[in-house]
Amino acid sequence: MSNGTFDAGDVTLEQVREHVWELPATGDMRVPARVFASRALLEEISEDKTLEQLRNTTHLPGITNYAICMPDGHQGYGFPVGGVGALDAETGCISPGAVGYDINCGVRMMKTNLTYDEVAGTEAELVDSLFANVPSGLGGGGIVESDVETVNEILARGVDWALEHGYAVEEDLLHCEDEGTREEADPDKVTQKAKDRGKNQIGSLGSGNHFLEVQRVTNVFDAHVGEAFGLEEDQIVILIHCGSRGLGHQTCTDYLRKIERQHQGLLNQLPDKELAAAPAGSQLETDYYGAMNAAINFAWVNRQLIMHRTRQVFERVFDRSWQNMEMELLYDVAHNIAKKETHDVDGDQRELYVHRKGATRAFPAGHPDVPTAYRDVGQPVIIPGSMGAGSYVLRGGENSMDLTFGSTAHGAGRLMSRTQAKNEYWGGDVRDELEDQRDIYVKAQSGATVAEEAPGVYKDVDEVVRVSDELGIGDKVARTFPVCNIKG
DNA sequence: ATGTGC
């Protein structure tokens, strides 16, 4: 098993052990790179730019230990999706491209006490009602129409704002990464243009791979952790996947431009302009971190409002209160973020900007940042698969701090581009096939989006999760299967 | 991902 290699173009990976591959540091690489994947998953990224992009990220100042690619990794803007980069917060930098355009794209899972039998037969009504009540698609129209003053409150306070205005209960905050608020947010660092784009999108799914899906739990693999999470077989749960809409996108664009103007020197040292970064100690480092944290808060409020509206829809369809249906938040995880975290590096406690782009925080049992309710078992990790495959709930594994700066995968990972997907699939056919063959009801604003998100466009989520579980960075707890899905 | 290009 040892000393195997994997050749992909001009990149050759050396196998360290099962599911662990290393690209040794050569030339101007500051550190090696590591890919956590099976050989089957490596095959999926052997012909695109993923590994080249991963190698490029090792050039970022302050990068610590190694640049990381998760089992679901694929090529992205500069930095691979499924990438983790820990950059020294005192001597390194922070990089908008390593966070991603959709700042705090993420997922939350809401539980219910309904069983699949109680929901079977209502799928068509449920999907129509959700589609009619949860705004989706490109452009404006959210659950809350607001002004710039309200946007500023949301940017500063996150889900705490939603609590004050009756869109959340205290328990929701306690079951969200960072309790739904990044205190370091600085709304003044978000441009007026970004706020204008965001003010009519508060509580909206957006487009692309974003969705709201009603699911049934098909397997509980770990009875003890399943009980701690409140998950059991045949239970109905709801998954909400979306981000910070135009506000986050504009924030990324704004800071990439500012960095290009002000830090040309650093930019010229990097192999790819898309890795543009603000050096530690610069004004733009502070400004971007404040703006990014504000956009993170916006995304959490976005998911909170969608959850609130979903509770109302279920109340009408099932004629019971949401409290009676125990529609409680399991957890909310961020997929596209950077955070200042303290990690043990060769025995030293170091402050690092941990960039997780298409990667999930996966803190193990006992970590102080895991909510009290889950402290003994580890942080819930939610991994959405395609709309035909279903999803997983994991818990942070005991090896995550040592191997991946406390991170694991975030999804199945795309196999092909959106353009390619539209050439391969027709939205209406995909929809009909899901309903006729798998009893999954899909309703979308655009047929093109359904084609772009066809199940065949994604890698095998079971394989991604198997690798995470076997590495001990995120352990399997439960699996779900779709009942109905709405999307942009 | 995204007022689906600057």
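A, B, ... follow the sequence lines: proteins, then strands. Residue 1 opens every chain. Being a predicted model, the structure only gives us computed values, none of them experimental.
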* Asked: Base, sugar-phosphate alone, or nothing: which one does Gly243(A) contact when heavy atoms must sit under 4.0 Å apart?
  -> nothing
* With sugar-phosphate meaning primed atoms plus P, OP1 and OP2, does Glu452(A) contact a base, only sugar-phosphate, or nothing at under 4.0 Å between heavy atoms? -> nothing
* Asked: Taking the six-membered ring for Trp, is the centroid-to-centroid distance between Phe36(A) and His19(A) below 6.0 Å?
  -> no
* **Integer-rounded Å distance: dT2(B) P and Arg245(A) CZ** => 5 Å
* **Rounded distance (Å) that lies between atom C1' of dC6(B) and atom NZ of Lys193(A)** => 10 Å
* To do: Could you check how far CD of Gln445(A) sits from P of dT2(B), rounded to whole Å?
  => 13 Å
* To do: Would you indicate what Lys422(A) reaches in the nucleic acid, counting non-hydrogen atoms under 4.0 angstrom: base, sugar-phosphate, or nothing?
  => nothing
* Structure fact -> In whole angstroms, the gap separating P of dG5(B) from CG of Leu138(A) amounts to 11 Å
* Indicate, with a heavy-atom threshold strictly under 4.0 Å, whether Ser207(A) touches base, sugar-phosphate, or nothing. => sugar-phosphate
* To do: Could you tell me whether Lys199(A) and Glu149(A) make a salt bridge, using a distance below 4.0 angstrom between a side-chain N and a carboxylate O?
  => no
* Quickly work out the Gln201(A) CD to dT2(B) P distance and round it to whole Å. => 8 Å
* To do: Please report, rounded to the nearest Å, how far the P atom of dT2(B) is from the CG atom of Leu256(A).
  => 16 Å
* Asked: With nearest nucleotides of DNA chain B determined for Tyr101(A) and Arg257(A) from heavy-atom distances, which residue corresponds to the more 5′ nucleotide?
  -> Tyr101(A)
* Asked: Hey, are Asn65(A) and Arg34(A) close enough side-chain-wise for a donor-acceptor pair under 3.5 Å?
  -> no
* Please give, in whole Å, the distance from dG5(B) P to Glu274(A) CD? -> 15 Å
* How many Å lie between CD on Gln250(A) and C1' on dT4(B), as a whole number? -> 15 Å
* Structure fact -> Here the gap from Lys189(A) atom NZ to Lys258(A) atom NZ, rounded to the nearest 0.5 Å, amounts to 8.5 Å
